[in-house]
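Remember, predicted model here, so these are calculated numbers, not experimental data. Computed over heavy atoms, backbone and side chain alike; hydrogens, waters and symmetry mates excluded. All residue numbers in this chain count up from 1 along the given sequence. Counting starts at 1 for both ligands and their atoms, in listed order.
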Amino acid sequence: MSLSDNPDDFSLYIHFPWCVRKCPYCDFNSHELSGEIDEHRYIKTLIRDFDHSISEFNQRSIKSIFLGGGTPSLFSGKSLGHLIKYVTESVSCRGDLEVTIEANPGTLEHDQFARYLDAGINRLSLGVQSFDDGCLARIGRIHDADAAREALENARKSGFRNINIDMMFGLPDQSLEMAIADCENAIACDPEHISCYQLTLEPNTLFYVNPPTLADHDQLHDMQTGLQALFEDYGFMQYEVSAYAKRGMQCKHNMHYWTFGDYLGIGAGAHSKILANHGVLRIWNEKHPRNYQNKVANGVSWRNREPVLGNNLVVECMMNALRIKEGISLDLFERRTLLNREKLLAHTQVLHDEGLLLIENDQIQCTEKGYLFIDEIIERMIS
Ligand code: SF4
């Protein structure tokens with residue numbers, strides 16, 4: 001619980017649903033731009049959404065803000081600054097508030113980083129994905145490796161001291177050697193944090209309909225373990241399945257998600273999770289940007305909600321918590337779910353007996369062996 005030291009704090013997620021072009025593997029709520037974004041209208045909508053939704057987080061402090069997408073870096077520093085100022089002046093915020101923006105190297109002007117810093121953003125997550133121009137072209141990205149390096153250099157020169165590089169592996173026609181070389185290039189840029197995701201084929205994407213040639217299961221396993229060893233050699237400690245950080249630079253926002261903390265999501269399609277008096281509520285906003293903006297403007301309900309109950313609650317909490325190397329304390333499990341630990345232990349006893357989970361000193365986590373089979377563990381908990 002070291003990174004989420006006050007269970008009552010919450011995180012704020014703000015969704016920006018537009019991209020220059022839709023990537024063929026992407027199943028996020030992102031829509032290809034067909035003209036100029038009406039920044040003023042969307043920011044106004046977000047503020048209305050925030051004003052309406054914040055009442056459910058009464059008297060609680062914000063620990064992190066995450067501007068995600070889509071491509072939030074399509075928005076100007078001025079617009080984002082206005083929004084962040086409004087939010088941080090409306091509710092109490094922790095002194096060490098982390099404010100992250102996801103940025104796409106293909107959308108950045110030279111002086112944009114300084115404006116983002118002025119807006120109160122103190123962490124940059126750059127969607128590089130690969131430093132190999134062939135791989136980038138095959139996954140339909142709009143930038144090349146030079147643009148990524150230039151963006152990272154500019155961000156550093158502008159004063160960003162907390163930079164994440166998003167990378168992917170298992171890309172079309174990518175060998176183990178190429179994946180390792182790719183991440184060596186990321187390390188050479190000297191970020192504080194690297195997220196490294198395996199490319200997966202998700203329904204409702206172009207790649208799902210028309211799959212490219214991808215590495216097989218054994219090759220992917222070799223890539224995963226090879227990259228883990230590489231990152232560790234360079235001082236990036238793995239603290240979650242896909243997340244590696246230098247000492248003390250773990251992402252607070254994501255750690256809060258993974259320890260099943262509460263969060264408010266505003267924006268088209270954004271999700272919230274709240275522990276209310278009678279249990280956990282899952283809330284999700286109207287997904288399409290046009291409908292979302294119209295509904296908020298007209299005061300027509302844009303938030304859908306349902307309770308998360310019983311076994312679903314155990315599984316949902318543990319799907320997140322087991323992704324973290326250190327797992328979760330039984331005490332925090334009880335606080336986050338309002339369930340007692342016996343309910344969790346009943347679910348996990350067999351996995352513990354098989355050496356996949358470790359339950360010790362009030363903490364539950366995957367064993368080394370279990371961490372290699374995390375998807376299977378989750379599937380068995382669901383069934
Ligand atoms: S830039 Fe990111 S959010 Fe946008 S389409 Fe590509 S993967 Fe999806």
Side-chain angles (χ1 to χ4, degrees), residues 13-37 39 42 46 66-76 80 100-109 112-113 116 121 123-152 155 163-172 174 182 186 191 193-212 214 242-243 251 253-254 257 265-271 284-285 287-290 292:
Y13 174 78
I14 309 177
H15 193 72
F16 295 82
W18 293 283
C19 290
V20 173
R21 192 165 72 201
K22 184 79 178 172
C23 301
Y25 57 87
C26 176
D27 70 339
F28 297 153
N29 184 27
S30 62
H31 301 259
E32 196 160 304
L33 265 180
S34 58
E36 291 284 300
I37 298 174
E39 288 194 21
Y42 194 67
L46 290 171
F66 196 99
L67 313 178
T71 308
S73 57
L74 289 171
F75 279 65
S76 67
L80 298 180
T100 302
I101 185 168
E102 284 185 332
N104 186 336
T107 64
L108 295 161
E109 304 288 331
Q112 209 157 330
F113 293 111
Y116 286 158
I121 295 165
R123 184 172 185 272
L124 174 72
S125 179
L126 199 68
V128 174
Q129 319 309 349
S130 173
F131 285 91
D132 179 314
D133 285 344
C135 285
L136 286 169
R138 285 192 285 282
I139 59 170
R141 299 295 300 200
I142 59 169
H143 66 276
D144 60 16
D146 285 347
R149 285 199 181 87
E150 194 184 322
L152 286 160
I163 297 177
N164 168 60
I165 298 181
D166 264 354
M167 295 292 290
M168 295 173 84
F169 70 94
L171 302 177
Q174 187 187 45
D182 225 359
H193 191 288
I194 297 176
S195 301
C196 191
Y197 304 97
Q198 182 192 323
L199 174 68
T200 52
L201 302 181
E202 302 298 333
N204 302 317
T205 63
L206 278 177
F207 273 3
Y208 192 78
V209 178
N210 205 356
L214 298 178
S242 308
C251 175
H253 188 84
N254 286 341
Y257 275 5
I266 58 172
H271 284 229
W284 63 100
N285 282 356
K287 197 169 176 188
H288 197 282
R290 186 182 51 238
Y292 165 72

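Ser125 and Thr100 are not linked by any side-chain donor-acceptor pair at a separation below 3.5 angstrom, with hydrogens and angles left out of the test. A donor and an acceptor atom, one from each side chain of Thr200 and Glu202, are located under 3.5 Å apart. Defined by atom type and a distance below 3.5 Å, a donor-acceptor pair is present between the side-chain atoms of Glu39 and Ser76.
Numbered from 1 in the order shown, with element, the atoms of ligand 1 that lie under 4.0 Å from a heavy atom of Asn104 read 1 (S). Atoms of ligand 1 found under 4.0 Å from any heavy atom of Arg21 (numbered from 1 in listed order, with element): 5 (S).
Here the protein contributes Cys26 SG as N, O or S atoms under 2.8 Å from atom 8 (Fe) of ligand 1.
Residue Lys22 qualifies as enclosed at atom NZ: its count of foreign heavy atoms under 6.0 Å is above 12. More than 12 heavy atoms of other shown residues, nucleotides or ligands fall within 6.0 angstrom of atom CD in Glu32.
One distance of note links CD of Glu150 with CG of Leu108; it measures 10.0 Å at 0.5 Å rounding. Atoms OH and CG, on Tyr208 and Asp27 in that order, are 11.5 Å from each other to the nearest 0.5 Å.
Looking only at protein heavy atoms, the nearest one to atom 2 (Fe) of ligand 1 is Arg141 NH1, 4.0 Å.
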